[in-house]
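Contents: one structure, followed by commentary.
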Amino acid sequence: METCSCRSSRTTGAESVTPSDNLIPLPSVSGDMVLLNTLFPAASDAGDTRQLSNSAPAGSDLRQQKLIKSWKNCITGVHQRFNNVHDFRDALYKYSVAHGFTYCFKKNEGLRVTAKCKAEGCPWRIHASRVPTTQLFQIKTMNGMHTCKAGPDPTTRSKASRKLLASIVKEKLLEAPKCKPKEIAEEIRRDFGIELGYVKAWRALENARGESQVSYKDSYNQLPWLVDKILETNPGSVVTLSTREDLSFHHLFVALHASLYGFQNGCRPLIFLDSFPIKSKYQSSLLTATALDGNDEIFPVAFGVVDAVSDDNWHWFLLQLKSALSTCQSITFVTDRLGQLRASILSVFENSYYCYCLHHLTEELKRDLKGSYTEEVVSVIVAHLYDAAQAGTLDEFSKFIDSIKSVSSEAFDWILRSEPENWANALFKGSRHNQMTSHIAESFYCWVGELPELPIVQIISTICRKIMELMYSRRMDSNQWLTKLTPSLEDKLQNEMLKTHSLQVLLGLGSSFEVRGLGTFNVVNIDVWDCNCRGWQLNGFPCVHAAAVLQHVGRNLPDYCSKFYTTEAFRLTYSESVNPVPAVDQLLQASQSAQVQVPVQVRPPPLLPLTGPPKKRRIRWRGRPKRELHCSKCKGAGHNRKTCHVYA
């Protein structure tokens with residue numbers, strides 16, 4: 001296995017960079033090309049459903065004429081050069097449409113192309129060939145004079161290929177990159193009067209997007225270049241790319257410097273791990289490590305792409321994360337219970353803690369109880385399970401567990417076997433800051449999941465661009481805050497203050513106070529930030545009992561909140577900028593201009609296997625009668641010797 005691991009020197013003086021969409025490729029998809037029909041069909045073809053629609057707006061003629069006028073100069077004459085033979089053929093199509101004549105090929109090869117006007121006796125002719133040692137195509141000879149009826153008459157316009165229609169769609173994609181086939185079909189009908197079906201519009205859209213981006217297979221070979229550019233534009237980042245022995249893609253790890261700095265200086269030591277499939281025809285999945293900022297919003301720490309979600313790949317991802325963070329502080333990891341992830345976390349991150357996502361835990365409980373109880377009973381059990389997990393004391397935990405036992409002894413035994421010390425606040429030894437689920441990690445996947453199918457380099461570039469925009473927008477928003485605490489915590493404290501009216505504060509010894517409510521009795525120590533309900537310790541901000549005491553003694557509540565909830569810590573989290581990563585198109589343009597073929601360094605992983613049962617072969621008799629069975633023992637009909645009853 002070959003591994004390329006890079007880490008550049010850390011810098012802290014980077015200036016803020018405004019996000020720029022021009023430097024990172026926009027989301028797009030690719031697909032197979034398909035032949036489409038005439039772009040400008042003859043007006044006499046009244047029976048063709050693809051003819052010009054009479055319902056086209058009057059303004060479509062002006063737009064159509066403007067587009068055709070721009071095509072008239074696609075071919076200017078001798079010595080004109082094109083990037084390759086495909087561009088020359090595309091220009092020839094547009095030129096013939098704009099000038100209103102049809103042509104035929106006398107020679108149509110990769111090294112030379114000769115075409116002449118299809119009209120009998122017309123001298124128009126063109127010949128182009130490839131420039132030696134390059135892919136460039138140059139016009140050698142051209143007779144541009146027509147003696148036929150070439151002109152703007154629609155009946156003389158040539159038929160267009162799929163590439164010609166794709167070029168029109170490509171122009172519309174520049175205005176709306178996420179447009180859908182139905183929308184593009186309506187645009188073409190309105191602008192050109194062409195009735196295009198949904199399937200043909202979808203294929204034209206796939207064709208146009210496929211031409212505007214690198215292919216899925218070639219995109220894996222662009223990863224080394226992208227890794228170098230990320231490290232070049234974002235010093236201090238950690239990016240690791242590794243392949244298998246056959247050079248097939250294995251895994252990729254990306255941790256931007258701004259994310260590492262923000263997590264270590266402004267976020268709680270809490271990381272959510274999750275994995276998601278990537279829309280691709282190759283085997284690939286996204287591994288994510290996310291955190292929470294002081295405003296309880298997602299903060300991306302690192303991400304990776306692997307060829308499969310396995311224990312070995314998770315262990316490799318955690319090793320890279322450990323190397324990138326370079327910290328000795330205790331970190332709490334939140335994830336599901338599947339696989340050997342717990343063992344990998346505890347072996348890689350010493351003195352760390354591992355806790356289960358309560359959502360995954362309840363879903364597993366529902367699957368095991370399915371069929372044994374009604375949905376109403378299961379919902380009651382799940383509600384008690386959430387109460388038991390959020391309980392701060394052992395007495396409260398035992399009370400809710402006993403409630404589950406009274407409903408179902410089977411569920412009670414299942415919960416005791418589920419290692420409650422890894423999901424219950426009353427038993428958990430680490431600090432999970434009362435975060436019970438890993439739902440926050442799913443918003444990371446929304447950045448990629450909502451996009452269409454993309455090549456791997458554009459997936460990485462899209463995520464980097466999203467992180468750049470996130471860092472910039474939240475930094476700008478926090479500059480408008482005037483409070484000491486973040487807005488989300490200000491709201492939480494306001495809610496706690498509203499509950500203090502029913503509580504009575506009694507003086508105690510020193511900094512300890514007694515708080516009485518309706519059937520409750522709690523002891524609060526404001527010097528050590530402690531309440532026997534353990535809400536203050538679990539959340540990092542005063543619980544309702546502590547809020548009542550602090551209000552009673554005239555103390556300022558923000559002074560008794562964890563530093564992670566302060567506006568200062570939030571601004572420190574987003575103080576570093578993510579610099580734009582160049583688009584992979586720059587590499588393609590450089591290689592084409594230099595006529596240098598990029599050597600194969602990374603091959604794509606295996607294709608995704610076909611899912612579902614294998615297709616059954618259907619035998620069609622086509623009217624021939626099925627041969628009747630005959631027994632070889634009794635010579636009777638309708639059975640064989642194995643099922644014969646005569647000699648049974």
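In this text the structure is predicted, and so the values were computed from the model without any measurement. Because only heavy atoms are used, hydrogens play no part in the values below, and waters and symmetry mates are left out as well, while side chains stay in. For this chain, numbers begin at 1 and follow the sequence in order.
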*Mind running salt bridge (charged side-chain N to carboxylate O under 4.0 Å, His left out) on K229 and E232 for me, showing each step along the way?*
CA-CA 5 Å; K229 291 303 176 182; E232 178 183 336; 3.4 Å; yes

*CD (E350) with more than 12 external heavy atoms under 6.0 Å*: no

*In terms of the angle between their ring planes, are F317 and W314 parallel, tilted or perpendicular, with boundaries placed at 30° and 60°?*
perpendicular

_Determine whether a donor-acceptor pair (N or O, by modelled atom type, separation under 3.5 Å) exists between the side chain of S577 and the backbone of N579._
no

Mind listing the side-chain donor-acceptor pairs of residues 298-309 below 3.5 Å, one per line with the distance, residues two or more places apart or on another chain?
{"residue": "D307", "atom": "OD1", "partner": "N313", "partner atom": "ND2", "Å": "3.2"}
{"residue": "D307", "atom": "OD2", "partner": "R244", "partner atom": "NE", "Å": "3.2"}
{"residue": "D307", "atom": "OD2", "partner": "R244", "partner atom": "NH2", "Å": "2.8"}

*Identify the two heavy atoms, one from F253 and one from A255, that lie closest to each other, and give their separation to 0.1 Å.*
CE2-CB, 3.7 Å

*Would you say L247 and Q601 make side-chain contact, with heavy atoms under 4.5 Å?*
no

*What's the spacing between C533 SG and E396 CD if we round to 0.5 Å?*
8.0 Å

*Sequence neighbours excluded, every pair satisfying salt bridge (Lys or Arg N to Asp or Glu O under 4.0 Å) that has a member inside residues 256-274*: R268-D296

*asked:* Quick test of your reading: applying side chain to side chain donor-acceptor pair (under 3.5 Å), list the pairs with at least one residue in residues 530-547, sequence neighbours left out, ordered by first then second residue.
replied: N434-N539, N522-N532, N522-H545, D530-Q537

*Between P235 and H257, what is the shortest heavy-atom contact and its length?*
O-CB, 3.3 Å

_Does any part of the side chain of D246, heavy atoms only, come nearer than 4.5 Å to the side chain of R603, both counted from C-beta?_
no

*For residues D368 and E410, report the shortest heavy-atom separation together with the two atoms involved.*
O-OE2, 4.3 Å

*Could you walk me through whether L493 and C561 pass the side-chain contact (heavy atoms from CB on, under 4.5 Å) test, one step at a time?*
CA-CA 10 Å; L493 290 181; C561 296; 4.0 Å; yes

*asked:* Quick check against the 3.5 Å criterion: does T437 have a side-chain atom that pairs as donor or acceptor with the backbone of C357?
replied: no

*Supply the atom-to-atom distance L286 CG to I463 CD1, rounded to the nearest 0.5 angstrom.*
5.0 Å

*Taking the side chain from T332 and the backbone from G430, do they hold a donor-acceptor pair closer than 3.5 Å?*
no

*Taking atom CG of L226 and atom CG of L231, what is their separation to the nearest 0.5 Å?*
9.5 Å

_Just so I know, are the side chains of P580 and M468 near enough to count as touching, which here means a heavy-atom distance under 4.5 Å?_
yes

*From L252 CG over to S242 OG, what is the distance, rounded to the nearest 0.5 angstrom?*
8.0 Å

_I'd like to check the ring pair (Phe, Tyr, Trp, His ring centres under 6.0 Å) partners of F249; sequence neighbours left out, ordered by chain and number._
Y220

*Going by the salt bridge (Lys or Arg N to Asp or Glu O under 4.0 Å) test, which pairs reach into residues 285-294, not counting sequence neighbours?*
D293-R474

_With a sphere of 6.0 Å drawn around CG of N351, does it hold more than 12 non-hydrogen atoms of other residues, nucleotides or ligands?_
no

*Quick one: OG on S344 to CG on D311, what's the gap to the nearest 0.5 Å?*
6.0 Å

*Flag yes if more than 12 heavy atoms outside E568 fall under 6.0 Å of its CD atom; otherwise flag no.*
no

_N/O donor-acceptor pair under 3.5 Å between N479 side chain and R475 backbone_ = yes

*Partners passing side chain to side chain contact (heavy atoms under 4.5 Å, CB included) against I404 (at least two apart in sequence or in another chain)*: I381, H384, L385, I401, A411, I415

*Taking side chain to side chain contact (heavy atoms under 4.5 Å, CB included) as the test, write out the residues that go with S330, two or more places apart.*
Y353

*Might you point out which heavy atoms bring L292 and F272 nearest each other, and give the distance in Å?*
CG-CE1, 3.8 Å

_4.5 Å side-chain heavy-atom contact, I459 and T462_ = no

_Contacts of type side chain to side chain contact (heavy atoms under 4.5 Å, CB included), residue E363, not counting sequence neighbours_ = H359, K366, R367

*asked:* Can you pull out every salt bridge (Lys or Arg N to Asp or Glu O under 4.0 Å) where at least one residue sits in residues 316-326? Sequence neighbours excluded, please.
replied: none

*Identify, with sequence neighbours excluded, every residue that meets side chain to side chain contact (heavy atoms under 4.5 Å, CB included) alongside D395.*
T393

*So which pairs with a foot in residues 422-433 pass salt bridge (Lys or Arg N to Asp or Glu O under 4.0 Å), sequence neighbours left out?*
none

_F349: partners by ring pair (Phe, Tyr, Trp, His ring centres under 6.0 Å), with sequence neighbours left out_ = F333

*Do R465 and E469 sit within salt-bridge range, that is, some charged N less than 4.0 Å from a carboxylate O?*
yes

*asked:* If you define the side chain from C-beta out and look only at heavy atoms, does anything of L241 sit under 4.5 Å from P224?
replied: yes

*asked:* Given 3.5 Å as the limit, does a donor-acceptor pair link the side chain of S323 with the main chain of L319, or not?
replied: no

_Test item: P582 and W225 side chains (from C-beta on) under 4.5 Å apart, heavy atoms_ = yes

*Can you tell me how far the OG atom of S403 sits from the CZ atom of F412, to the nearest 0.5 Å?*
11.0 Å

*Describe, in one word, how the ring planes of Y356 and Y354 are oriented to each other, choosing from parallel (under 30°), tilted (30 to 60°) and perpendicular (over 60°).*
perpendicular

*asked:* Show the nearest heavy-atom pair for residues P269 and Q329, with the distance to one decimal.
replied: CB-OE1, 3.9 Å

_Check: M497 and L557 side chains under 4.5 Å, non-hydrogen atoms_ = yes

_Whether W529 and Y560 hold their rings parallel, tilted or perpendicular, with breakpoints at 30° and 60°_ = tilted

*Return yes if some donor-acceptor pair links the side-chain N/O of N295 with the main-chain N/O of S488 below 3.5 Å, else return no.*
yes

*Got a donor-acceptor contact below 3.5 angstrom from the T567 side chain to the L485 backbone?*
yes

*With side chains defined as the heavy atoms from C-beta onward, is the minimum distance between Q222 and I456 less than 4.5 Å?*
no

*Over all atoms of both residues, closest heavy-atom pair of L427 and E421*: CB-CA, 3.7 Å

